[in-house]
Every structure is written in C-alpha cells, then in structure tokens.
2 protein chains.
Amino acid sequence: MLSKKTKYGIKALAFLAKQPDKNPVQTSEIASNENISSKFLESILLDLRKSGFLGSKKGKGGGYYLIKKPEEILMTSVIRVLEGPIAMVPCVSLNYYEKCIDCPDEDTCSVHKLMIQVRDSTLNVLGNNTLADLS
Amino acid sequence: MLSKKTKYGIKALAFLAKQPDKNPVQTSEIASNENISSKFLESILLDLRKSGFLGSKKGKGGGYYLIKKPEEILMTSVIRVLEGPIAMVPCVSLNYYEKCIDCPDEDTCSVHKLMIQVRDSTLNVLGNNTLADLS
DNA sequence: TGCATAACCTATTAATCCTATAGGTTAATA
DNA sequence: TATTAACCTATAGGATTAATAGGTTATGCA
C-alpha cells in the first residue's frame with residue numbers, strides 16, 4: 001500500500017504539472033485543491049524540493065514550482081523518493097537492497113523469484129509513465 | 001512491502017508444495033527449515049487453514065498439508081488472504097475497494113489511473129503463477 | 001485408560017511506522 | 001517595516017506488525 005505521503009506527493013506534483021505557467025504555487029493552494037492537510041503537505045513538498053524535483057521561493061508570491069518538465073519526471077523516481085523501494089521485498093530491490101535474515105540462498109528462495117517478476121512488471125509501468133502522463 | 005506474515009506464509013506453502021507425499025508436516029518442521037519463529041508461523045498456518053488452503057491433523061503424526069494441488073493455487077489468492085489488497089491504493093482494489101476521502105472524482109484523479117496500471121500488471125504476474133511455479 | 005503430541009485459541013507485549021500538529025525561524029516582497 | 005510563505009525541529013497519537021505467553025482441545029498410541 002502507498003503511504004498517504006506518497007499519494008499526496010504525487011497529487012501535488014501533478015497539480016504543479018498542470019499549471020499553465022511556471023509561477024510558484026503556495027502550499028496552501030495545493031492543499032486546499034487536493035484536500036490535503038496543509039501542514040503535512042508542507043513537509044512533503046520540502047522533501048521534494050530537497051530531492052531535486054521542486055524549486056521554491058519564499059515570501060509573498062512565493063511557493064513551489066517544478067524544476068524539470070513534467071515529461072522528464074519518471075514515476076519510478078518520484079515513488080522511490082517519496083515511498084522508498086518499489087519492490088515488495090528488500091532482497092529484490094534494485095535501489096534499496098537488503099539481504100533477508102531468514103533466507104540462506106536467494107537463488108532457491110520461492111518468494112524471491114516471484115517478487116522479481118512483480119518488481120519488473122511494476123518498474124515497467126512506472127518507468128513508462130511520467131508526470132505528464134498523469135493528467 | 002510484503003509483511004513478514006505474507007512472506008512466511010508463502011514460504012510455508014511452498015515448503016508443503018514440494019513435499020513428496022501428502023503426509024502432514026508439523027509447524028515446527030516448517031519453522032526450522034524456513035527459519036521462522038515457530039509460534040508466529042503457528043498463527044499464520046491457522047489462518048491458511050481457515051481460509052481453505054490447508055488441512056490439519058492434531059496429535060502425534062499430525063501437522064498441516066495442502067488441500068489442493070500446488071498448480072491449482074494462484075498466487076493472487078494466496079496474497080489476498082495473507083496480505084490483503086494487491087492494489088497500492090484502496091480506490092483501485094478489486095477485492096478490497098474503498099473510496100478515498102480526499103478524492104472527489106476518481107476519473108480525474110492523477111494517482112488513480114497510474115495505480116490501475118500497476119495493479120493490472122501485478123495481477124497479471126500473480127495470476128499467472130501458482131504454488132507449483134515457485135519451486 | 002492415560003500419556004504424549006501437536007493443533008487450536010486468546011490475549012498481550014514491544015517495537016516500529018505513519019499521519020498529523022505545534023511552534024518557531026528565515027528570507028523575500030511591497 | 002510589516003507581511004508573507006517557505007523552512008526546520010520536535011513530538012504526539014494512532015495504527016499496525018511481529019512476536020511471545022500460556023493455556024485448551026483433539027488425536028494417536030501404549
């Protein structure tokens with residue numbers, strides 16, 4: 001299951017992506033349009049800025065804006081930043097790999113092989129969608 | 001991410017699937033072979049019995065055994081019973097649907113459409129794998 | 001009949017993670 | 001100089017997960 005954080009983050013990015021111009025949009029405006037707690041969204045947007053998706057401007061007329069074009073932002077990278085691993089088990093994660101304690105040999109693990117298939121099919125979908133495809 | 005419960009449950013089912021005969025296997029034997037806490041596994045196997053995957057026999061020589069043939073057990077149904085929804089958001093779940101509070105219209109929701117794609121690709125993988133495919 | 005065995009069941013804990021809020025600081029604008 | 005809105009840290013409350021404890025019931029066997 002996607003966390004609320006990820007879901008809200010995607011919605012916020014999509015909201016910014018459909019803006020007619022590149023003017024900064026305030027947290028409160030995104031929050032009210034997408035029915036998100038403004039304070040919670042604040043921390044999410046801050047994350048997205050720190051990870052290079054958003055730029056920001058302080059003070060009156062300030063807000064957040066997309067740094068790259070929507071069609072250049074892959075959903076794989078968005079989800080990895082907001083949610084973490086895309087894989088369903090750490091031992092098949094490409095970006096967040098962790099060995100299983102209970103699993104002596106990954107090659108013979110029944111779960112492992114199945115979860116690689118799931119991971120690859122999910123990566124295929126998310127890697128073929130950008131922010132521009134969400135609207 | 002898959003819960004430990006689901007992961008252990010799949011491993012246990014796969015362990016039973018590769019037994020040469022249909023004799024009951026004790027919880028403790030599965031637990032030690034798969035490096036799972038015996039007590040924790042106990043509750044998982046109980047779940048799997050109640051949901052119709054396993055039969056059980058009490059007393060000496062007792063244990064758990066598969067009711068159906070491994071090739072008849074779809075991984076979709078296994079995961080739905082152990083983990084719950086396969087979808088990443090409740091609003092695209094086929095078996096555990098729930099409306100989003102923050103989302104006035106699913107058809108125009110940016111997350112919705114993407115998550116339907118992810119769901120379908122995952123269903124495709126899990127629906128084409130049975131317990132027999134795991135070994 | 002009675003003992004050993006292993007499933008069955010309920011409750012509870014400890015730990016972790018998620019969601020959200022509070023309250024203040026900094027920088028930009030007018 | 002006042003207002004605005006991003007920035008930052010801490011924390012609370014809740015939910016969920018992983019695991020343990022401790023007992024009950026049913027079966028097989030001597």
Side-chain angles (χ1 to χ4, degrees), chain A residues 1-12 16 23-32 34-67 79 82-85 88-90 96 98 100-102, chain B residues 1-12 16 23-32 34-67 79 82-85 88-90 96 98 100-102:
Chain A
M1 279 285 154
L2 276 195
S3 64
K4 293 271 175 67
K5 179 187 173 184
T6 303
K7 188 183 165 196
Y8 294 164
I10 295 175
K11 285 178 117 184
L16 289 174
N23 291 337
V25 182
Q26 300 161 26
T27 304
S28 58
E29 189 186 336
I30 305 176
S32 65
E34 298 293 340
N35 303 300
I36 307 171
S37 147
S38 191
K39 265 294 190 182
F40 190 24
L41 182 60
E42 209 179 284
S43 66
I44 299 169
L45 295 179
L46 215 46
D47 262 18
L48 288 170
R49 196 218 58 188
K50 287 177 184 171
S51 39
F53 291 99
L54 300 179
S56 65
K57 202 180 157 193
K58 287 184 175 179
K60 184 161 191 177
Y64 290 97
Y65 51 91
L66 286 178
I67 285 186
I79 290 190
L82 290 169
E83 185 80 9
M88 294 183 87
V89 280
Y96 298 84
E98 253 178 81
C100 300
I101 325 165
D102 58 296
Chain B
M1 280 283 158
L2 276 195
S3 64
K4 293 271 174 69
K5 178 186 173 185
T6 303
K7 189 182 165 197
Y8 293 164
I10 295 175
K11 284 179 118 186
L16 290 173
N23 291 337
V25 182
Q26 299 162 26
T27 304
S28 58
E29 189 186 335
I30 305 176
S32 65
E34 297 293 341
N35 304 301
I36 307 172
S37 148
S38 191
K39 265 294 190 183
F40 190 25
L41 181 59
E42 210 179 282
S43 66
I44 298 169
L45 295 178
L46 216 47
D47 261 19
L48 289 170
R49 197 219 59 189
K50 287 178 183 169
S51 40
F53 290 99
L54 300 180
S56 66
K57 205 180 155 193
K58 285 185 177 180
K60 186 162 189 177
Y64 290 96
Y65 52 91
L66 287 178
I67 284 186
I79 290 190
L82 290 169
E83 186 79 9
M88 295 184 86
V89 279
Y96 299 83
E98 254 176 82
C100 299
I101 326 165
D102 57 297

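Keep in mind that the numbers below use all heavy atoms, side chains included, and drop hydrogens, waters and symmetry copies. Convention: sequence-line order gives letters A, B, ...; per-chain numbering from 1.
- Computed from coordinates, the L41(A) CG to dA6(D) C1' distance equals 12 Å when rounded to whole Å.
- Going from atom CG of L48(A) over to atom P of dC7(D) covers 11 Å, rounded to whole Å.
- In this structure, CG in L41(B) is found 11.5 Å from CG in N35(B), a value given to the nearest 0.5 Å.
- Distance, L82(A) CG to dC18(C) C1': 14 Å, rounded to whole Å.
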How does protein reach along nucleotides 19-30 of chain D, written 5' to 3' as B (base within reach of a heavy atom under 4.0 Å), S (only sugar-phosphate), or - (no contact)? BBBB--BSBS--

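- Atom C1' of nucleotide dC18(C) and atom NZ of K7(A) are separated by 14 Å, given to the nearest angstrom.
- Proximity of a side-chain donor or acceptor of E34(A) to a complementary backbone N or O of D102(B) within less than 3.5 Å is not detected.
- Residue K50(B) is in sugar-phosphate contact alone, with no base atom involved, counting any heavy-atom pair closer than 4.0 Å across all strands shown.
- Residue-level contact check: T27(B) touches the backbone only, with heavy atoms under 4.0 Å from sugar-phosphate atoms and none from bases.
- Computed from coordinates, the M1(A) CE to dT17(D) P distance equals 11 Å when rounded to whole Å.
- Rounded to an integer number of Å, the gap from CG of D47(A) to P of dC8(D) is 11 Å.
- Between dC7(D) and R49(A), a contact under 4.0 Å exists linking OP1 or OP2 to a side-chain N or O.
- Rounded to a whole Å, the NZ atom of K11(A) is 14 Å from the P atom of dT19(C).
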